[in-house]
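This report refers to the structure that appears directly beneath it.
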Amino acid sequence: MFDTRPSWNDYFLEVADLVATRSTCLRRQVGAVLVRDKRIISTGYNGAPRKLKHCSEVGCLRSEKDIPSGERYELCRGVHAEQNAIINAAYYGISTQDTVMYCTHQPCIICARIIINAGVEKVVHRGDFQDDIALELMREAGIELVIVEKTDG
């Protein structure tokens with residue numbers, strides 16, 4: 001008899017996929033899951049800050065200003081999924097030190113810096129976004145990076 005359960009990486013990335021379905025971003029739906037000792041401690045998806053209208057309600061500021069993907073991150077109503085996972089942990093008083101972050105996409109440079117300072121020790125993602133400086137910073141900080149290709153199963 002063999003084990004047909006998904007690997008831990010596949011399992012938590014599937015959870016991140018589900019979390020991403022809550023996203024209100026009109027351009028890209030992203031989900032993130034923070035895990036310690038194979039237990040979920042926090043999740044996040046990209047969308048407007050608490051109490052603000054979502055892009056799905058008021059339109060995309062980045063599209064209105066014709067800002068390409070990967071540029072001028074500050075010109076956006078949304079908070080990134082990785083940021084929200086860390087913020088949600090902080091909001092409820094949960095330490096993010098020595099955690100693993102599972103992301104539907106590779107983190108950007110802003111998220112990379114936050115991930116580093118939050119004490120995340122490993123990031124597992126599916127790629128689908130390219131920010132070489134973010135990868136360089138996380139490697140320099142000693143964060144293990146794992147890319148898992150999405151399967152069609």
Separation between CD of E149 and CG of L13, rounded to the nearest 0.5 Å: 11.0 Å
Flag yes if V100 and L135 sit in one hydrophobic cluster, no otherwise; membership is Ile, Leu, Val, Met, Phe, Trp, Tyr, and two members link when side-chain heavy atoms are under 4.5 Å apart. no
Drop me the distance from M101's CE to F12's CZ, to the nearest 0.5 angstrom. 13.5 Å
Check: S23/N46 side-chain N/O donor and acceptor closer than 3.5 Å: yes
Aromatic rings F129 and Y73: how do their planes relate, parallel, tilted or perpendicular, breaks at 30° and 60°? tilted
If you look at every heavy atom in I40 and V15, which pair is closest and at what distance? CD1-CG1, 3.9 Å
Answer yes or no: does atom OH of Y11 have more than 12 heavy-atom neighbours from other residues, nucleotides or ligands under 6.0 Å? no
Closest heavy-atom contact between S42 and A85? OG-O, 2.6 Å
Where is the tightest heavy-atom contact between Y45 and A20, given as atom of each residue plus distance? CB-CA, 4.5 Å
Cationic N near anionic O, under 4.0 Å, E74 to R72: yes
State which residue, out of K53, R77, H54, fulfils the side-chain hydrogen bond (donor to acceptor under 3.5 Å, both in side chains) condition with T24. H54
Quick check on E140: does its CD atom have over 12 non-hydrogen neighbours (other residues, nucleotides or ligands) under 6.0 Å away? no
Please confirm whether the backbone N or O of V19 pairs with a side-chain atom of T43, one donor and one acceptor, at under 3.5 Å? no
State yes or no: do L61 and L26 share one hydrophobic cluster built from I, L, V, M, F, W and Y residues joined by side-chain heavy-atom distances below 4.5 Å, directly or via other members? no
Look at the side-chain heavy atoms of Ile, Leu, Val, Met, Phe, Trp and Tyr, link any pair under 4.5 Å apart, and say whether Y92 and V35 land in one connected group. no
Hey, is the main chain of A16 close enough, under 3.5 Å, to the side chain of T104 for a donor-acceptor pair? no
Report whether V33 and W8 are members of the same hydrophobic cluster (ILVMFWY, side-chain heavy atoms less than 4.5 Å apart, transitive linking). yes
Shortest non-hydrogen contact from P107 toward A112: CB-N, 4.5 Å
Rounded distance (nearest 0.5 Å) linking atom CG of D131 with atom CD1 of I110: 9.0 Å
Check for me, please, whether L34 and I115 land in the same ILVMFWY cluster - side-chain distances under 4.5 Å, paths through other members count. yes
Main chain of Q106, side chain of R126: is a donor-acceptor contact present, judged purely on distance under 3.5 Å? no
Where G44 and A81 come nearest, the two heavy atoms and their spacing: O-CB, 3.5 Å
Enclosure of Q97 CD (heavy-atom neighbours >12, cutoff 6.0 Å): no
Answer yes if the side chains of R28 and S69 hold a donor-acceptor pair under 3.5 Å, and no otherwise. yes
What residue among K122, R139, E121 forms side-chain contact (heavy atoms from CB on, under 4.5 Å) with E144? K122
